Amino acid sequence: MSPASSLSRPVIVCFRDDLRMADHPALHEAAASGAPVLCVYVLDDETSDLPPPGAASRWWLHGTLADLRGALEKRGGTLLTLGGPLEKILPRLAEETNARCIYWHHRLHEKERQQDERLIRTLNHKGVEVRAQWGSVLLDPERIRTKEGGFYRVYTSFWKALQGQAVPEPLDLPSDFPFFRVAPSLMKTDRLDEAALLPRHPDWAGGLRSTWEPGEREAHEHLTDFLHHEVDHYGRGRDLMAEEGTSRLSPYLASGAISPRQVWATVGEHGLNGEDARIFRSEIGWREFARYTLYHFPQLCERNLNRKFDALSWRRAPEDLRAWQKGQTGIPVVDAAMRQLWQTGWMHNRARMIVGSFLTKHLLVDWREGEAWFWDTLVDADRANNTMNWQWVAGTGIDAAPFFRVFNPSRQAEKFDPDGDYIRRWVPELAKLSGKALVEPWKAQAEDLHAAGVTLGKTYPHPIVDLAEGRSRALVTFRSL
DNA sequence: GAAATCTTGCA
DNA sequence: GCAAGATTT
């Protein structure tokens, strides 16, 4: 084959949780090859051992894919969105287009890595090269090791080790590069709008649309807004549930509309070195630690990290679970949080700890039930974060001090929603209550409830569990292990 | 600051 | 082998 014909063969960039143009090592390398670039995303709902995205993530994914396609079209290319089993679709596409190389970013989960290994063998066999890099982490998880050569299990140690290394600078947008001209017959197989990403009957995404705008530009706007305003009181502000004290970057990070290296570098560029910026950076560190942990402990999604907890007998309580999911537990702060999740596809981080502790401790329901619900309802659903943090809140292995991890929802509400605005916004039937009565209406005076138009058991549920009893049941159960 | 056990670095 | 330290209570 002559060099000229080799150069005219296209290269493919296979997008995954990295839906952006800037700081995209795979796209960068493909663009630098000089060959015409074909950008593709494969939505695989058919490979059974890899859970497909949940409903809220699918809505988010649709918006992010459309945004990325728009950005590529502005430069004269496009994003081909195909549906089907990745291991069939990608080799077939390579064959049809006579591609000579495919670029992608490593994935984290063991099953994804095994699938990528199989793909590489198939593609190499067909004469297609594969080049993989780390794209949506600060550092290659293999590179952070203890002095003994093992892997960290404690966040602080991990964080210290990570800070001792140089995080790569984010890459700029690739300069102009040629795109592969997608044949109309191939374009007809595009599935972006038929891939069942958007809810139809009923269209429940109204609350998501009015809360969120997916997109790469929007991700950077969120970040710079946050760095100009909220970051100065992040240490305290990030815990106040009624306020916009957090960065709200999570869905953008989960889909890869922005990369952690970009966040890291932007904090540095703003010259932010104070305590609050340090705490914000360490939250990016927690995201990294979740990825690192999932990479090194692939069983994290299914099993307790500490096997001792396998003996724990969780309650089978479908009605309690359902009340929790629907925000009808009778505990106002829990219901506020669960309704915020249902309506907006997102929940404040402090509230996630409260509802997680309530489900796994007061209701003694398996953390995997909570994880599954979050997976389906969060626009920022992320395998690594979701499972590591559920195991953290359940106390099943992430760190060695689970003893006090039974949050008292009412004390949490008083501390982190001091004016009751969070509860009032999401549980409007209690809006006329205030102070203690708003936090614990079951203890309120009958006349206060009456004046506020609240009838327990009618306009708002009785608590499904007595908080003190639930707490002691959890302590007894956990101590018995 | 209690009460608990595991991780990590250093002897 | 031993001491220090461990997000969120």
Side-chain angles (χ1 to χ4, degrees), chain A residues 144-164 233-241 243 245-247 250 275-293 296-297 300 304-312 331 333-334 337 347-362 367 370 374 384-418 422 439 467-468 470-481:
Chain A
I144 303 168
R145 288 171 182 265
T146 63
K147 292 276 192 296
E148 274 81 43
F151 305 107
Y152 290 100
R153 291 149 193 274
V154 168
Y155 174 69
T156 308
S157 318
F158 165 84
W159 184 231
K160 276 184 199 149
L162 187 142
Q163 284 172 301
H233 35 90
Y234 185 66
R236 165 88 182 139
R238 77 196 158 121
D239 273 329
L240 298 175
M241 295 182 285
E243 289 178 26
T246 66
S247 71
S250 54
E275 178 66 4
D276 290 296
R278 197 191 56 75
I279 297 171
F280 176 59
R281 266 198 174 176
S282 89
E283 297 298 336
I284 300 298
W286 271 97
R287 176 184 185 276
E288 190 78 3
F289 187 51
R291 295 183 132 54
Y292 176 88
T293 305
H296 291 294
F297 305 95
L300 183 72
N304 299 305
L305 202 53
N306 183 339
R307 303 301 297 278
K308 182 177 90 173
F309 294 96
D310 291 355
L312 199 149
I331 315 294
V333 71
V334 172
M347 190 195 293
H348 191 282
N349 178 249
R350 170 59 52 180
R352 295 187 197 200
M353 294 186 243
I354 298 171
V355 302
S357 168
F358 181 76
L359 183 73
T360 57
K361 303 296 166 68
H362 289 94
W367 61 266
F374 272 27
N385 282 334
N386 204 24
T387 48
M388 188 192 72
N389 287 317
W390 271 100
Q391 292 224 42
W392 180 86
V393 83
T396 53
I398 288 303
D399 68 312
F403 224 75
F404 302 91
R405 207 159 295 145
V406 184
F407 286 44
N408 181 325
S410 305
R411 301 292 87 71
Q412 290 281 312
E414 285 163 358
K415 264 191 181 168
F416 302 116
D417 184 30
Y422 184 70
V439 174
L467 292 181
R471 177 190 158 84
S472 48
R473 178 174 63 188
L475 287 176
V476 168
T477 310
F478 272 75
R479 235 193 300 257
S480 72
L481 294 172

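Computed from a prediction, not measured in an experiment: that's the story for all the values here. Just so it is clear, the values below take in all heavy atoms, side chains as well, and ignore hydrogens, waters and symmetry mates. Numbered from 1 within each chain, the chains take letters A, B, ... in sequence-line order.
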*On the ring face of A:Y155, is A:K160 found with NZ or CZ under 6.0 Å from the centre and within 45° of the axis?*
no
*For residues A:V393 and A:S357, report the shortest heavy-atom separation together with the two atoms involved.*
CG2-N, 3.6 Å
*A:L475 has an atom CG; how far is it from atom P of B:dA3, in whole Å?*
14 Å
*Any side-chain N or O of A:R471 under 4.0 Å from OP1/OP2 of C:dT9?*
no
*Can you tell me the distance, in whole Å, between the CZ atom of A:F158 and the P atom of B:dT7?*
17 Å
*Can you tell me how far C1' in B:dA11 sits from the matching atom in C:dA4, rounded to whole Å?*
14 Å
*asked:* Would you say that A:L300 contacts A:L305 through its side chain, given a criterion of any heavy-atom pair below 4.5 Å between the two side chains?
replied: yes
*Take the protein atom CH2 of A:W159 and the nucleotide atom P of B:dT8, then report the distance between them rounded to whole Å.*
17 Å
*With sequence neighbours left out, what residues match A:F358 under ring pair (Phe, Tyr, Trp, His ring centres under 6.0 Å)?*
A:H362
*Just how far, in rounded Å, is P of C:dT9 from CD of A:E414?*
14 Å
*May I ask you to decide if the ring planes of A:F158 and A:F289 are parallel, tilted or perpendicular, using 30° and 60° as cut-offs?*
tilted
*At their closest point, which heavy atom of A:Y422 faces which heavy atom of A:M241, and how far apart are they?*
CD1-O, 3.3 Å
*Can you tell me how far C1' of B:dA3 sits from CZ of A:F478, to the nearest Å?*
17 Å
*What integer distance in Å separates A:L467:CG from C:dT9:P?*
17 Å
*asked:* Looking only at the aromatic ring of each residue, does the gap between the centers of A:W390 and A:F374 stay below 6.0 angstrom?
replied: yes
*Shortest non-hydrogen contact from A:T360 toward A:F478*: O-CE1, 4.3 Å
*Report the stems of DNA chain B as range-with-range entries sorted by first number; a stem here is at least three consecutive pairs, Watson-Crick or G-U wobble, both distances under 3.5 Å, and write none if there are none.*
B:5-10 with C:1-6
When you compare the protein's N or O atoms with those of nucleotides 9-11 of chain B, which come within less than 3.5 Å of each other, and at what distance?
{"unit_1": "B:dG9", "atom_1": "OP1", "unit_2": "A:Y152", "atom_2": "OH", "d": "3.1"}
{"unit_1": "B:dG9", "atom_1": "OP2", "unit_2": "A:K147", "atom_2": "N", "d": "3.3"}

*Grab the CG-C1' distance between A:N306 and B:dT5 for me, whole Å please.*
10 Å
*Calculate the interatomic distance between A:F309 atom CZ and B:dT5 atom C1'; express it in whole Å.*
10 Å
*Determine the minimum heavy-atom distance between A:N385 and A:A290, stating which atoms define it.*
OD1-CB, 3.4 Å
*Which is true for A:F151 with a 4.0 Å heavy-atom rule: it touches a base, it touches only sugar-phosphate, or it touches nothing?*
sugar-phosphate
